[in-house]
Participant: 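Before I ask anything, here is the structure I am working with.
Both counts, for ligands and for their atoms, begin at 1 and track the order of listing. Each residue takes its place number in the sequence, starting with 1. Worth knowing before you read on, the calculation uses all heavy atoms, side chains too, and leaves out hydrogens, waters and symmetry mates. Just so it is clear, the model here is predicted, and its values are computed rather than measured.
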Amino acid sequence: MIARNPVAVEVCDAKLDAQSAPSLSWNQQIADMIKSPQELLSLLELPEALLQDALPGHAQFPVRATRDYVRRMKKGDPSDPLLLQVLPLHLEQQEMIGYSADPLSEADYTASKGILQKYHGRALLITTSACAIHCRYCFRRHFPYSEHRQSRAQWKEALATLPGDGGVSEIILSGGDPLMLNNPVLDELLTLIAELPQISKVRLHTRLPIMLPDRIDQGLLDLLSNRPFKTIMVIHANHGAELDASVEKALARLRPVVHMMLNQTVLLKGVNDDSSTLAALSERLFECGVTPYYLHQLDKVQGAAHFDCGDERLSSLMQALRAKLPGYLVPRLVREIPGAPSKTPIFA
Ligand SMILES: *Cc1c(COP(=O)(O)O)cnc(C)c1O
Ligand code: SF4
């Protein structure tokens with residue numbers, strides 16, 4: 001979690017006036033994130049009429065996006081695929097049968113506070129509730145995060161509940177976004193994990209390399225280096241336009257210190273639900289040294305029904321995608337079914 005230092009905010013406002021935003025530290029850029037639909041619409045030169053539609057969704061799950069991310073959106077285009085991921089629409093307010101606040105029944109799987117173990121061999125640690133973006137389709141938009149806010153002592157306690165016999169060999173750092181933690185805190189957490197001899201892999205699920213390439217600083221590279229476990233970075237890009245030159249550079253900095261870089265995508269109607277967009281994303285990920293991993297069918301979370309592509313088109317979509325890409329760039333299409341022993345493949 002980020003200390004919102006008022007002095008830092010003042011400094012960053014002054015610099016923004018001087019049009020020198022890139023020189024802000026990553027913490028300052030987080031403090032300076034876009035936090036209102038008004039500002040988002042005005043930066044993108046979109047009609048104010050869209051505001052009324054955005055306000056109810058904003059009240060439920062507030063708008064959050066970094067300025068870096070918003071700069072990659074096309075001005076004046078209300079259907080920009082990046083914008084659709086962050087701007088609340090009136091459609092969120094529809095009550096839809098089959099959509100719930102906790103579609104993955106995560107409440108049932110909390111082994112101890114802040115740790116979720118659903119699958120054999122890997123346990124997921126909730127590190128922070130903070131994110132550098134609020135994705136409108138997020139399956140955790142209704143998640144009771146306050147119950148999962150952890151102190152360092154609680155991490156230690158949660159990690160101590162893991163079986164010592166090799167039953168769990170991988171820790172997944174999730175949240176929220178684990179890279180929202182400051183370097184000293186993350187360093188301490190990785191050091192705690194390094195003391196567990198049964199852990200051979202640590203995975204970070206993060207959107208920060210995309211939302212805020214400056215987050216990939218030297219301190220982060222240093223604290224990831226020379227650990228007794230192998231580190232896997234899973235980023236989350238939904239569209240090729242998210243991966244601009246600054247993101248590519250950040251990923252290039254990460255590559256030497258991590259064992260694997262993977263990407264997961266959520267299939268989103270109006271954002272990426274066509275084979276050309278998905279193929280372009282895979283090719284762009286390849287250029288950035290990242291392997292496509294999962295393509296998730298949307299979790300049925302209340303407020304996200306307008307992103308649902310349904311199942312009928314999946315087969316033709318995947319066939320078209322396979323026809324455009326080498327096999328190693330085709331992501332695995334999966335959905336999450338509560339109680340299943342893994343993500344469930346969709347053979348489409
Ligand atoms: C998705 C998920 C994982 C990771 O699954 P993989 O198939 O290994 O990527 C682990 N734990 C939980 C709780 C998950 O939701
Ligand atoms: S970054 Fe991940 S956890 Fe955060 S809002 Fe987006 S999808 Fe949800």
Participant: Considering Leu125, Val334, Ile172, Leu116 one by one, which has a heavy atom nearer to atom 4 (C) of ligand 1 than any of the others?
Facilitator: Ile172
Participant: Does Glu283 come within less than 4.0 Å of Lys324, counting only side-chain N to carboxylate O?
Facilitator: no
Participant: Provide, to 0.1 Å, the distance between atom 12 (C) of ligand 1 and the closest protein heavy atom, together with that atom's residue and name.
Facilitator: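 Answer, as residue, atom name and distance: Leu124 CD1, 3.6 Å.
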Participant: Need the ligand 1 atom indices (1-based, order shown) with element for anything under 4.0 Å from a heavy-atom of Tyr294.
Facilitator: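 The atoms of ligand 1 under 4.0 Å from a heavy atom of Tyr294 are 6 (P), 7 (O), 9 (O).
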Participant: Counting backbone and side-chain atoms alike, is an N, O or S atom of His134 positioned under 2.8 Å from atom 4 (Fe) of ligand 2?
Facilitator: no
Participant: Tell me whether the rings of His236 and Tyr137 are parallel (<30°), tilted (30 to 60°) or perpendicular (>60°).
Facilitator: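 Plane angle between 30° and 60°, so tilted.
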Participant: If the cut-off is 4.0 Å to any non-hydrogen atom of Tyr293, which atoms of ligand 1 fall inside it?
Facilitator: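 Checking each atom against Tyr293, I get 6 (P), 7 (O), 8 (O), 9 (O).
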Participant: Using a strict cut-off of 4.0 Å, indicate which atoms of ligand 2 neighbour a heavy atom of Arg207.
Facilitator: 1 (S)
Participant: Could you tell me which atoms of ligand 1, counted from 1 in the order shown, lie closer than 4.0 angstrom to a heavy atom of Arg203?
Facilitator: 4 (C), 6 (P), 8 (O), 9 (O)
Participant: Short list, please: which atoms of ligand 1 are under 4.0 Å from a heavy atom of Glu336?
Facilitator: 15 (O)
Participant: For atom 6 (Fe) of ligand 2, decide whether Cys135 has an N, O or S atom at a distance under 2.8 Å.
Facilitator: yes
Participant: Should Asp177 be listed as contacting ligand 2, given a heavy-atom distance under 4.0 Å as the test?
Facilitator: no
Participant: Of Leu179, Ile126, Thr127, which meets side chain to side chain contact (heavy atoms under 4.5 Å, CB included) against Leu173?
Facilitator: Thr127
Participant: If you measure from the Lys or Arg side-chain nitrogens to the Asp or Glu carboxylate oxygens, is any gap between Glu242 and Arg207 under 4.0 Å?
Facilitator: yes
Participant: Could you pull out the closest heavy-atom pair between Val271 and Pro81, with the gap in Å?
Facilitator: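 Scanning both residues completely, I find the closest heavy atoms to be CG1-O, 3.6 Å.
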Participant: Nearest to atom 15 (O) of ligand 1, what protein heavy atom do you find, and at what distance?
Facilitator: Lys343 NZ, 3.0 Å
Participant: Is any NZ, NE, NH1 or NH2 atom of the basic residue among Arg227 and Asp187 found under 4.0 Å from an Asp or Glu carboxylate oxygen of the other?
Facilitator: yes
Participant: Does OH belonging to Tyr99 count more than 12 external heavy atoms closer than 6.0 Å?
Facilitator: yes
Participant: Would you call Arg71-Asp244 a salt bridge at under 4.0 Å N-O?
Facilitator: no
Participant: Is ligand 1 under 4.0 Å from a heavy atom in the side chain of Gln117, in the backbone, in both, or in neither?
Facilitator: neither
